[in-house]
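If you scroll down you'll find the structure; I have some questions about it.
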Amino acid sequence: MTEKLTIGEAARIAQEAFAPNECKTKEVDDGDLLKVAVDINGHLVDVNDLHRDIYTDKETFLSKLELARQRMTDIGADFDEWRPS
């Protein structure tokens, strides 16, 4: 069974994942959704589909963040090295 995350822990991990870029997080619908947007060259890029069932499951959430980092790198973003714990 994978570790479960709170919305606060998930927001902190997302901000670490996209450093040094500014990452904005927002809880929506009483925690049913975590909105994450990353400033890439002056444009906010959303990380989609971070519903409660995804952001609370640590393994699934980390995988989703890795995919988002790769997509953003493909469009020119440059991130710090990230080793999720």
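Given the structure is predicted, the values throughout are model-derived calculations rather than measurements. Because only heavy atoms are used, hydrogens play no part in the values below, and waters and symmetry mates are left out as well, while side chains stay in.
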Inset, instruction - Look at atom CG of Asp30 and say whether more than 12 heavy atoms of other residues, nucleotides or ligands are closer to it than 6.0 Å. - result: no
Inset, instruction - Treating Ile, Leu, Val, Met, Phe, Trp and Tyr as nodes and any side-chain heavy-atom pair under 4.5 angstrom as an edge, say whether Phe79 and Phe61 lie in one connected cluster. - result: yes
Inset, instruction - In sequence, state the C-alpha distance, the side-chain angles, and the governing distance for Val47 and Met72, and then conclude on side-chain contact (heavy atoms from CB on, under 4.5 Å). - result: CA-CA 10 Å; Val47 179; Met72 291 178 200; 3.6 Å; yes
Inset, instruction - Indicate yes or no: at least one non-hydrogen side-chain atom of Glu66 is less than 4.5 angstrom from one of Pro84. - result: yes
Inset, instruction - Output yes when a side-chain donor or acceptor of Asn21 lies under 3.5 Å from a complementary backbone atom of Asp39, and no otherwise. - result: yes
Inset, instruction - Calculate, to the nearest 0.5 Å, the distance between atoms CG and CD1 belonging to Leu62 and Ile54 respectively. - result: 12.5 Å
Inset, instruction - Nearest 0.5 Å please: distance from the NZ atom of Lys64 over to the CG atom of Leu34. - result: 12.0 Å
Legend entry - Over 12 non-hydrogen atoms of neighbours within 6.0 angstrom of CG in Asp78: no
Inset, instruction - To the nearest 0.5 angstrom, please state how far the CD atom of Gln15 sits from the CD atom of Glu22. - result: 9.0 Å
Inset, instruction - First locate atom CG of Leu5, then atom CD1 of Ile13, and finally report the distance between them rounded to the nearest 0.5 Å. - result: 4.5 Å
Legend entry - Distance in Å, Tyr55 OH paired with Asp49 CG, rounded so as to fall on 0.5 Å steps: 14.5 Å
Legend entry - Whether over 12 other heavy atoms sit under 6.0 Å from Glu59 CD: no
Inset, instruction - Measure across Gly76 and Asn41 and return the closest heavy-atom pair with its distance rounded to 0.1 Å. - result: O-ND2, 4.2 Å
Legend entry - CG-CD distance between Leu65 and Glu16, expressed to the nearest 0.5 angstrom: 10.5 Å
Inset, instruction - Evaluate the criterion side-chain contact (heavy atoms from CB on, under 4.5 Å) for residue pair Asp57 and Lys4; output intermediate values, then yes/no. - result: CA-CA 5 Å; Asp57 182 298; Lys4 295 296 181 184; 4.0 Å; yes
Legend entry - Cluster check Val45, Leu67: I/L/V/M/F/W/Y, side chain < 4.5 angstrom: no
Legend entry - Matching residue for Thr25 among Val36, Leu50, Ile7 - test: side-chain contact (heavy atoms from CB on, under 4.5 Å): Val36
